[in-house]
Amino acid sequence: MASTTPRSGQPNILVRAAQLIFDTRFLGVIAQIAAVVLVVMFFSWVIRNTTANLDKLGAAQFLCRDGTSSFRCAFDFLQSDAQFDISESSIDYAPSDSYWRALAVGAVNSIIVIAWGIVLTTILGTLVGIAQLSPNWLIRSIARAYVDIFRNTPLVLQLVFIFFVFFAFFLPNVDETAGVLGLPIYLTKRGVFYPSIVTLSSAAIFIAFVLLGLVQAQLLWNFLARREEQTGQGSNRLLWALLSFAVVVVIGWSVASSRPSTHGIMVPNSLRVNDFDGLETVIRNRFSVNGIEDLQARLDAWEEVRAAIEAGDLIVDGAPVTLAMVDDGSVTLDQIARRLNTGPLITPALVAGGALKICAIRDTKAFLNFTAQLDRAGFPYTVNFNNRASDATAAYADGECEIYIADLTRLAAERDLLESGGAHTIVEIDEPPLFLSIPRLQGFNFVGGARLTSAFAAVLIGLVLNTGANVAEIVRAGIQSVSKGQTEAARALGLSENQRLRLVVLPQALQVIIPPQTSQYLNLAKNSTLALAVAYPDFWNVANTTINQSGRAIQLMLIVMGSYLALSLIISAFLNWYNARIKIRER
Amino acid sequence: MAAFVDNIRAVLNGENSKYHVNWRYFLQDNITGSAWQTLWIIALAAFAVWFTAGQLRALPISTGLILLVWLGTLLLMARNELVKKHSALTLWLQNNLYSSVSNVLITLVLGLGIIAAVWGFLNYALFNASFSLDPAVNAEVTNFGREGARWGAVRANFAGLMLFRMQREMWRIWSTLAMLVVLAIPSFFIYRNDRHKGTWYRQLLTLSWLFTPYMAFYFLRGFGPAGQPFRFAGIFYALGAVALGVAAGVVQRRYGEGRGETMPWRLLNPLLTLVQYVLAPLLVVYALSVFAGSGPFYRLQVDQMWGGFLLTLIISLFSIVVSFPFGVLLALGRRSQIQGVPWWVTYPAAAVITFWLLRDAPATAAEARTLLGQALVYWPVLIPLIAYLFQNTFKGNVVAAFCTLYIEVVRGVPLITLLFMSIILFPIFLPPNIEIIDTWRVMAAFTLFSAAYLAENVRGGLQAIPRGQYEAADSLGLGAFNKYRLIILPQALRIVIPAIVGQFIGLFKDTSLVFLVGLFDVLEFANRISTQPDWLTIRTEPYIFLLFIYFIGSAAMATYSRYLERRTGVGER
């Protein structure tokens with residue numbers, strides 16, 4: 001029987017077509033083809049527009065050295081001179097360096113901010129997170145208020161507030177500042193000045209000895225521990241380890257110090273200084289004192305006298321003495337000393353007038369080393385700063401100062417340049433492997449120590465406070481996620497609060513803390529680009545200047561976005577690895 | 001009182017009375033437990049004494065008062081503890097302020113510190129402050145913002161901070177606000193009560209809310225050229241468009257309902273939905289804009305006019321709303337599990353493309369001068385790697401790969417680079433004859449940015465939906481579109497509402513970045529106050545004001561989000 005109807009179970013063509021259309025696999029293929037086509041169309045559209053725009057702007061974007069224009073020369077401009085200055089850099093940089101170099105300076109600056117930011121954020125966030133769970137209501141409330149304020153206001157506003165209000169308005173000028181809590185840490189409008197450890201040429205040897213000491217102390221510790229386990233006899237492991245470490249460090253210090261010094265001072269022969277102690281003779285003769293201690297004692301005595309004079313307690317010839325009368329010489333210091341029956345006196349103004357005058361090249365290690373030694377011995381001195389060696393030499397030759405401090409090799413070279421080279425002596429000064437350089441006010445600036453510029457400090461403080469608030473919330477949630485039973489169990493085992501936190505709560509809380517912490521670190525890294533708002537030359541700021549200077553927007557945007565993507569990937573890869581490592585292995 | 005003194009004496013003498021205190025245990029618990037504890041208590045006590053003495057000199061009255069309160073409450077608590085009869089107050093004091101010796105000292109120090117800080121701030125912000133608009137008065141009152149605030153700087157610039165130049169077009173602002181108020185008042189009653197669910201007026205209200213952003217936009221920006229009379233015809237066009245939408249709705253409900261899985265309706269229903277929810281609204285908006293853009297609502301130069309807090313609100317609201325559909329699509333795309341490209345297509349294709357692109361690489365590399373340039377010539381060697389990742393991570397799923405790539409790239413770069421890209425690169429990427437003003441470009445950048453973050457939030461919601469829901473939808477025979485529209489998305493979106501509010505708070509704060517690309521937002525206006533002749537160098541007061549505004553805005557939204565979280569019962573199923 002001939003029949004045109006389809007076999008039963010075989011739907012008609014329309015239905016079959018519909019089945020095909022609504023089949024998920026078919027739809028999937030269509031969707032993917034559509035996605036590819038759309039993306040390719042979009043990018044070809046963008047590229048076509050870009051080429052058209054660039055043609056209109058001129059092909060300078062991709063100019064090669066030989067005058068032709070090609071995409072392969074897109075990054076050649078990086079080798080041209082940057083011609084802009086960067087306000088702070090950890091590596092050598094001058095405007096005559098290439099764009100490459102400028103970007104590297106920015107990258108290093110960014111990495112410094114991000115690395116310090118991550119460390120400090122972790123500390124602050126953990127502390128505040130724990131403080132939020134404190135049994136003390138006030139601590140809890142302050143932590144809560146801090147978190148709320150910093151989480152609910154924009155970071156960039158916090159940054160400009162810290163930079164323009166806290167640093168530029170609130171903090172004192174450099175010459176009006178007092179140390180924080182009596183320490184030589186100075187918060188000023190120009191930034192933060194703080195003591196720093198300066199490493200000199202023999203520091204590597206000393207540090208090698210310190211590392212050696214650490215290794216052998218650890219070995220000794222292990223050895224003693226093993227013996228203790230084997231014999232059951234106790235021994236003072238800590239004492240032996242520390243003692244052996246100290247011995248190695250002391251040996252290291254003496255070995256490193258015995259290396260010939262590379263620092264020296266040049267003085268005129270007329271000063272008759274042949275070694276460091278010779279300087280004291282100069283001071284002794286100049287102020288007619290018996291030594292530095294004597295000078296200091298006279299200054300201290302003057303301080304008391306000055307207080308008496310200011311209070312109007314000192315009466316000579318029936319009239320109270322004023323400071324002005326002392327200054328113009330109508331009342332001599334000897335008179336005052338006799339009258340008040342104090343020891344001999346000297347005023348700071350006199351000391352400043354007769355202080356050692358030093359010529360130095362700004363920020364050289366020889367200068368920091370020498371002034372640190374002068375500070376320790378208590379010598380009065382004034383500094384004539386120079387940016388270049390030639391300026392310092394000229395100042396010395398003109399007699400603007402009596403001591404020229406620099407490296408020995410440089411001094412020898414500069415002495416040869418002087419007209420009367422034979423009339424000057426070069427004196428070697430001690431060069432310790434490393435020393436603590438403490439900032440000291442000289443006129444309107446600090447000498448020695450290290451400085452955080454206000455821009456850097458503002459960026460770092462802002463990032464740390466802002467991210468710290470988020471981290472605090474994460475830490476709090478993490479700690480709270482550990483069930484109460486764990487705490488009670490730990491207490492039942494007799495663990496101390498400290499042990500409980502370290503051995504029971506933290507390992508479990510870390511599981512919860514690490515993943516969101518990762519994204520906070522990423523946020524910190526990305527937010528460091530807001531340094532632009534306070535003109536700190538981070539990577540993005542330098543790249544932005546480079547865009548304005550060179551006009552190569554596309555290339556630089558590629559570099560910048562690629563770099564931050566890479567950084568994000570690196571940070572998250574590292575934290576993923578760490579997260580996998582600390583994961584509690586469940587049985 | 002006498003009994004109290006007796007009690008104290010009994011306690012101090014350690015007599016075997018009923019108020020006996022074991023001092024040894026007390027000391028061991030609080031002070032002599034370990035060497036560190038002792039050191040800590042000694043240091044803390046020394047600091048507390050030093051700090052209190054300093055505060056007593058600086059602020060004798062308030063410090064004395066605090067000391068008295070501290071001592072009084074401490075004694076009261078100790079007494080109640082001894083007689084084992086706590087009131088609610090002393091119990092709270094014991095648990096929260098005086099739980100140990102170290103906490104007693106910390107409470108004193110922090111109490112004094114807080115008082116000093118609050119007192120200092122009040123002095124600055126209120127007692128020593130000047131509210132005068134007269135710069136001469138301010139010059140006498142204060143010195144560099146240290147001794148007292150000069151709020152006159154904020155008062156004089158309040159309108160500018162809020163609206164920038166739109167303060168000259170107050171009438172547009174009032175119109176927008178009036179529209180919002182007119183809709184908000186009935187909403188307050190109608191949405192609160194489930195009695196109105198599904199009624200025509202509630203649907204009308206919802207529809208009106210959907211139109212509000214568009215209308216606000218036309219009010220604030222304007223539409224036609226200046227000097228045009230009102231064109232009332234626009235209203236009639238709008239009514240026509242409404243009729244079209246209604247007609248589509250009626251047809252769909254009358255005939256299409258329940259036949260969604262049979263042939264003509266399977267195609268027609270989505271079309272009718274499109275007409276109702278997309279086409280008709282667009283027509284209505286266009287028609288109404290013809291009306292709203294005429295008359296006094298002529299078109300403004302947005303880059304010159306919009307600014308201040310208004311711009312902040314517009315950018316954050318616009319980007320969160322517009323990025324919403326993109327975000328949902330990106331999230332769905334990233335999670336899609338459609339059949340991928342098989343490996344035997346990917347790898348040969350990758351190989352062919354790689355070799356084709358590398359055919360004259362060595363010659364080109366020889367000409368490139370920089371190392372980066374030379375390396376870049378060989379970029380096609382990455383294609384096999386990409387192909388491998390594509391096959392391995394995404395199982396050959398192109399859609400998921402593109403969505404993931406977009407999301408991760410946008411989330412991996414700093415927002416500010418996206419903003420600069422919108423300002424510097426968008427003009428290069430667009431056709432030469434098209435010019436788009438800065439404000440729109442920045443808003444586009446924020447939308448692209450927001451979409452990526454929103455996608456991650458929505459993905460979190462989708463992941464939280466149990467598999468059973470998907471299977472239930474499948475077993476009901478629903479297609480993919482209806483499955484997500486009716487079953488999955490309503491649940492997933494409800495879960496992520498708090499996260500989306502959180503994201504909106506983030507956007508609200510991030511909009512303060514736009515001043516870096518030259519838009520006149522509230523922060524830029526605050527910066528410029530310090531250059532006004534009357535208020536030279538004043539930055540502190542405007543910044544404090546901004547901190548206050550942002551804090552209030554964000555904190556209010558965060559509170560609302562927590563309320564929503566409670567009300568929608570997220571986390572409790």
Side-chain angles (χ1 to χ4, degrees), chain A residues 14-15 18 22 24-25 27-29 31-32 35-36 39 46 49-50 52-54 56 64-65 72-76 78-79 135-139 142 148-149 151-157 160-161 164-165 168-170 526-527 529-530 532-533 540 544 547 553-554 557 560-561 564-565 568-569, chain B residues 95-97 99 103 106-107 110-111 114 144-146 263 266 336 338-341 364 367-370 372-373 376-377 397-399 402 409 412-417 420-421 424-425 427-432 479-480 505 509-510 512-513 516 523 527 539-540 543 546-547 550-551 554-555 558:
Chain A
L14 196 67
V15 174
F22 290 103
T24 38
R25 272 169 304 172
L27 280 180
V29 173
Q32 298 192 55
V36 172
V39 168
V46 165
N49 291 336
T50 307
N53 282 319
L54 291 180
K56 228 166 77 174
C64 295
R65 183 61 39 116
R72 68 167 186 275
C73 302
F75 290 93
D76 281 6
L78 286 174
Q79 292 189 329
N136 191 313
W137 179 76
L138 285 177
I139 296 182
I142 291 174
D148 276 349
I149 289 173
R151 273 163 63 97
N152 284 322
T153 47
L155 173 59
V156 67
L157 185 52
V160 293
F161 192 87
F164 288 114
V165 175
F169 272 143
F170 186 76
K526 287 186 285 172
N527 285 339
T529 47
L530 298 190
L532 185 67
W540 165 241
N544 196 26
I547 291 177
I554 301 174
M557 278 294 184
V560 168
M561 291 186 153
Y564 279 102
L565 261 183
S568 298
L569 286 178
Chain B
N95 288 337
N96 291 297
L97 291 180
S99 58
N103 264 333
I106 288 174
T107 300
L110 288 183
I114 290 173
F144 284 116
R146 282 234 202 122
M263 200 31 225
R266 204 169 173 184
S336 71
I338 46 184
Q339 179 69 48
V341 182
T364 321
E367 291 170 39
R369 278 175 64 233
T370 58
L372 189 64
L376 279 172
V377 172
N397 183 342
V398 180
V399 177
F402 280 146
V409 167
V413 299
L415 170 59
I416 192 169
T417 57
F420 272 80
M421 194 178 98
I424 301 172
L425 292 190
I428 301 180
F429 290 159
L430 290 173
I505 297 173
K509 291 187 290 172
D510 283 339
S512 50
L513 290 187
L516 291 173
L523 186 49
N527 286 335
R539 280 176 186 270
T540 317
Y543 283 161
L546 289 201
L547 285 173
Y550 273 109
F551 181 80
S554 312

*Please step through side chain to side chain contact (heavy atoms under 4.5 Å, CB included) for the pair A:V156 and B:S512, ending with a clear verdict.*
CA-CA 7 Å; A:V156 67; B:S512 50; 3.2 Å; yes
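- Contact annotation for A:I149: both backbone and side-chain heavy atoms come within less than 4.5 Å of a heavy atom of chain B.
- The aromatic rings of B:F420 and A:W540 sit perpendicular to each other, their planes meeting at more than 60°, with 30° as the lower class boundary.
- Proximity of B:F551 to A:D148: side-chain heavy atoms (C-beta onward) are separated by under 4.5 Å at one or more points.
- When every heavy atom of B:I424 is checked against every heavy atom of A:A553, the shortest pair comes out as CG2-CB, 3.2 Å.
- Contacts between A:L569 and chain B at a heavy-atom distance below 4.5 Å are absent for every atom of the residue.
- The shortest non-hydrogen separation linking A:S568 to B:G412 is OG-O, 3.0 Å.
- Note that the CG atom of A:N53 and the CZ atom of B:F429 stand 10.0 Å from one another [nearest 0.5 Å].
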*Could you go step by step and tell me if A:L565 and B:V413 meet the side chain to side chain contact (heavy atoms under 4.5 Å, CB included) rule?*
CA-CA 6 Å; A:L565 261 183; B:V413 299; 4.0 Å; yes
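- Heavy-atom pairs under 4.5 Å with chain A were tallied for B:V409, B:N397, B:T107; the largest tally goes to B:T107.
- In this structure, the portion of B:F402 lying under 4.5 Å from any heavy atom of chain A is its side chain and not its backbone.
- B:S99 and A:N136 are not linked by any side-chain donor-acceptor pair at a separation below 3.5 angstrom, with hydrogens and angles left out of the test.
- B:L97 contributes atom CG, which lies 5.5 Å from atom CG of A:L138 (distance to the nearest 0.5 angstrom).
- Of the atoms belonging to A:V46, heavy atoms from both backbone and side chain fall under 4.5 Å from chain B.
- Here the closest heavy-atom approach between residue B:R539 and residue A:F169 is recorded as N-CE1, 4.1 Å.
- Proximity to chain B is absent for every atom of A:N527, based on heavy atoms less than 4.5 angstrom apart.
- Ranked by non-hydrogen atom pairs under 4.5 Å with chain A, the options B:D510, B:V399, B:N527 are led by B:V399.
- With a threshold of 4.5 angstrom between heavy atoms, B:L523 approaches chain A through side-chain atoms but not through N, CA, C or O.
- Options B:G340, B:S336, B:A558 differ in how many heavy-atom pairs under 4.5 Å they form with chain A, and the most are formed by B:G340.
- Between the CD atom in A:Q32 and the CD atom in B:Q339 there is a gap of 8.0 Å [rounded to 0.5 Å].
- Using a 4.5 Å cut-off between heavy atoms, B:L425 touches chain A through its side chain atoms alone.
- Neither the backbone nor the side chain of A:V29 has a heavy atom closer than 4.5 Å to any heavy atom of chain B.
- Looking at B:N95, only its backbone comes within 4.5 Å of chain A, counting heavy atoms on both sides.
- To the nearest 0.5 Å, the span separating CD1 on B:I416 from NZ on A:K526 amounts to 13.0 Å.
- Of the two parts of A:T153, the backbone and the side chain both hold a non-hydrogen atom closer than 4.5 Å to a non-hydrogen atom of chain B.
- Scanning all heavy atoms of the two residues, the minimum distance from B:N103 to A:P135 falls at ND2-CG, 3.9 Å.
- Proximity to chain B (any heavy atom under 4.5 Å) is shown, for A:V36, by both the backbone and the side chain.
- Looking at A:M561, the atoms closer than 4.5 Å to chain B (heavy atoms on both sides) sit in the backbone and in the side chain alike.
- Rounding to the nearest 0.5 Å gives a distance of 11.0 Å between CG of A:N544 and OG1 of B:T417.
- Comparing B:L513, B:I106, B:L430, B:L516 by how many heavy-atom pairs each has under 4.5 Å with chain A, the most go to B:L430.
- Looking at B:L547, both its backbone and its side chain come within 4.5 Å of chain A, counting heavy atoms on both sides.
- The structure places NZ of B:K509 at 11.0 Å from CG of A:L157, a figure rounded to the nearest 0.5 Å.
- If you measure heavy-atom distances from B:L415 to chain A, you find no contacts under 4.5 Å at all.
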